[in-house]
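Please read the structure below before turning to the comments.
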Amino acid sequence: MEKFNAKSLVTSFGSTGDVAARGDRAGAKVIRIAGQLTLVTLTALMAVFASEWFARGDTADILPYLTSTMRPGMIAVGVVALAILALDALLGRSLQSAVLVVPMAVLPAFFSGQKQQYLSDPLYPSDLLFGRQIFELLPAMVAAQPLLAVAVFSGAAVAISAVLYLIIRGRKIFPPLSAFGRVTRLVIALPILFGFASIMNPMTYSETRDRLNIIPMLWDQTENYRHNGFLLAFAINVPMAKVSAPDGYGNLAVSDIPTDRIPATFFSGRRADVIFLMSESLWDPTRLKNVGFSADPMPTIRGKQSGNVFSPEFGGMTANVEFEALTGFSNAFLPYGSIPYQQYIRRPVPSLATFFESKGYKTKAFHPFQSWFWNRKKVYDALGFQEFHSEETMPVMSKRGQFASDDALTRYIMDEAERTEGPFFFFGVTLQGHGPYEPGRYAKNAVTLDAPMMSPANASALATYTQGVKEADDSLKTLMDWAKKRQRETIIVVFGDHLPPLNEVYTQSGYMPNVVATRRASVETMKREHETPLVVWSSKRGVQKNLGTVSPALLPHYIVRLAGYRHPFYTGVLGRVSERYTVIDRHQLVGRGDKAQADWSLSGQVDPLIRDYRYLQHDMMFGEGYSMERFFPEQEGRLAPAS
């Protein structure tokens, strides 16, 4: 019998020619089938290996993943192999589908690995919703790391060219399949793939999935991706975009939620103006160990600090923090990896804007970037803002690096305040503090650093970031000095959305063991890696002190209360929540005195106060609106929630 090498194997793969001359026909067919399965399996194995390498950042855990009988590595290989077989049947040529399947398996894993260098989480299916945002930030990223950008773009160009070549020349490179071979592939592959897809919904029990050692771990996505591998974990997360009603939700359950004994209308408020600012990546860099600063970069913030915000995010995902701060609702009640601004806000949702509008306030939002970013234009309309001033409608602002300066935005907001008759509620999102923190963004840094433990590149990035904090602090002082001269009381609330993506600055300084924050740890560790400064100040009443460390979702409670109003939800429900809890995180509840309840949502014994809070959020975002009349009366003048 003729000896088969790799080249002849590919050439003969699926061939319909006469094989009688090569020996026994049956033997040749068996060899061809074995060769087919070998090539498909090897291709799938290489695709899974590459995806895990990119997603994990190293190869240390890949071999155990693929060889352990307690982990589903070879299941992932089998799924990829079946996908190749099915697509081969549709294309009509053996192994041609690998040109499509392999990039589809490897590229998301590459992006996941890149995401984890800046943020705490791997890639989720919901991340695909904001690809345009990433594209718009490319100029800043290229400016920060030009050599890496050139390498990535060059590699991408080569890869795309290779794929296009293989697709165009495929009819000459890949051998054709017989009609019988195509039907056989479909008959075998499709039923298995459909059956596999049916067991991947993590919201339903599957004995088959358990036997395959595929274990959905929605409460711990790091372990979810480590145990199941990137491809299977990514597939597990696909159904999470669908939000199910919490157990027990209904009209009766909502009707049983108590309201305040004193009607909200009893409190008329002081008609104070409110300026609510979320400062991009605002954080206290002097917290870093082994780093000296020639001066305090944030003296105004430190002198007026009311406490800290416990950010549910790290290094990015600003819109999720903004969602909590404006609505009083919590990401902890939504599926892991959710982006409410992109996925869920499709109808009017209660917010501070609708509350203050109901009190006769003018409501305006400000952000010196494009209005489509994070879907803000549509979201702000759904949240009830009367106006949204974005890059398209603002005058050209002075920039610091790639982004509009905090000083320019602050002065624009002050000008708008002077032009606004009657009381107003302004919400602004700054941009200057956005990373990456490239050298040379500022001509001169007002604060010099002594960072002997850091590389020159990381010390430079930290110096750039620190100068941005200094200028954010200066802008707050400007705003407060202006507010003190106004006749009407002005409430100013400023907080940071998350820690900055400083990467190795954290590890080289000894501040954190990793370049991104921990998702599950002690309260002390979580606070260190998620706290940002919070200032709650009134031009007539001064600083609101000792607020502690609070979730962004609790900020509406403090704002409405300081303005002299009462509200069934913002001061009623959130007020009761804040008396018992300071942090509502999906992994743990933190009570007064830093008493933590880890994995509270899995315990089966959820505090009725938290249960009712979740009922109200679901009711107004996804449900029937049973709570509108009693808890959100200002919403009744807007479009009622759809069923």
Side-chain angles (χ1 to χ4, degrees), residues 1-19 22-23 25-54 62 66 73-110 155-197 229-232 234-235:
M1 184 180 296
E2 180 182 346
K3 183 178 179 180
F4 278 76
N5 54 32
K7 182 176 180 180
S8 64
L9 189 61
V10 173
T11 304
S12 63
F13 184 55
S15 173
T16 58
D18 184 12
V19 296
R22 301 177 185 175
R25 183 182 298 273
K29 183 176 293 186
V30 169
I31 292 174
R32 287 199 302 274
I33 293 174
Q36 166 199 343
L37 295 177
T38 300
L39 286 174
V40 170
T41 302
L42 286 175
T43 302
L45 181 63
M46 288 187 292
V48 172
F49 186 92
S51 70
E52 293 302 316
W53 189 359
F54 283 131
I62 299 179
L66 292 171
M74 293 309 296
I75 302 300
V77 173
V79 170
V80 174
L82 288 169
I84 292 174
L85 289 176
L87 284 175
D88 276 351
L90 297 177
L91 296 174
R93 295 187 174 269
S94 63
L95 280 180
Q96 186 175 14
S97 65
V99 177
L100 302 175
V101 173
V102 173
M104 289 175 63
V106 173
L107 283 178
F110 171 77
V158 171
I160 292 172
S161 299
V163 169
L164 291 176
Y165 174 80
L166 290 174
I167 291 175
I168 295 172
R169 302 284 295 172
R171 299 194 65 80
K172 295 184 177 180
I173 297 175
F174 301 100
L177 294 172
S178 65
F180 176 78
R182 297 176 69 175
V183 171
T184 301
R185 283 165 171 76
L186 289 175
V187 169
I188 294 174
L190 287 183
I192 298 177
L193 287 173
F194 283 126
F196 183 81
F230 174 80
L231 296 175
L232 295 181
F234 190 84

Quick check for you: to the nearest 0.5 Å, what is the distance between [X] atom [atom1] and [Y] atom [atom2]?
X      : Y      : atom1 : atom2 : answer
Leu100 : Leu91  : CG    : CG    : 6.5 Å
Ser51  : Leu232 : OG    : CG    : 9.5 Å
Thr41  : Met46  : OG1   : CE    : 10.5 Å
Leu193 : Leu82  : CG    : CG    : 5.0 Å

ring-ring contact (aromatic ring centres under 6.0 Å, His included) partners for Phe196, two or more places apart: none

Test ring-ring contact (aromatic ring centres under 6.0 Å, His included) applied to Phe110 - qualifying residues, sequence neighbours left out: Phe54

List the residues meeting side chain to side chain contact (heavy atoms under 4.5 Å, CB included) with [X], not counting sequence neighbours, and say none if there are none.
X      : value
Ala89  : Arg182, Arg185, Leu186
Pro103 : Leu107, Val163
Ala83  : none

pair Leu45-Leu66: side-chain heavy atoms closer than 4.5 Å: yes

Any side-chain heavy-atom pair of Leu85 and Ile188 under 4.5 Å: no

Do you know which two heavy atoms are closest between [X] and [Y], and how far apart they sit?
X      : Y      : answer
Ile84  : Ala44  : CD1-N, 4.4 Å
Phe174 : Leu95  : CE2-O, 3.6 Å
Thr43  : Ala98  : CG2-CB, 3.8 Å
Ala47  : Val102 : CB-CG2, 4.1 Å

Residues which pass side chain to side chain donor-acceptor pair (under 3.5 Å) with Ser97, listed by chain and number, not counting sequence neighbours: Asp88

Any donor-acceptor pair under 3.5 Å from Glu52 side chain to Phe230 backbone: yes

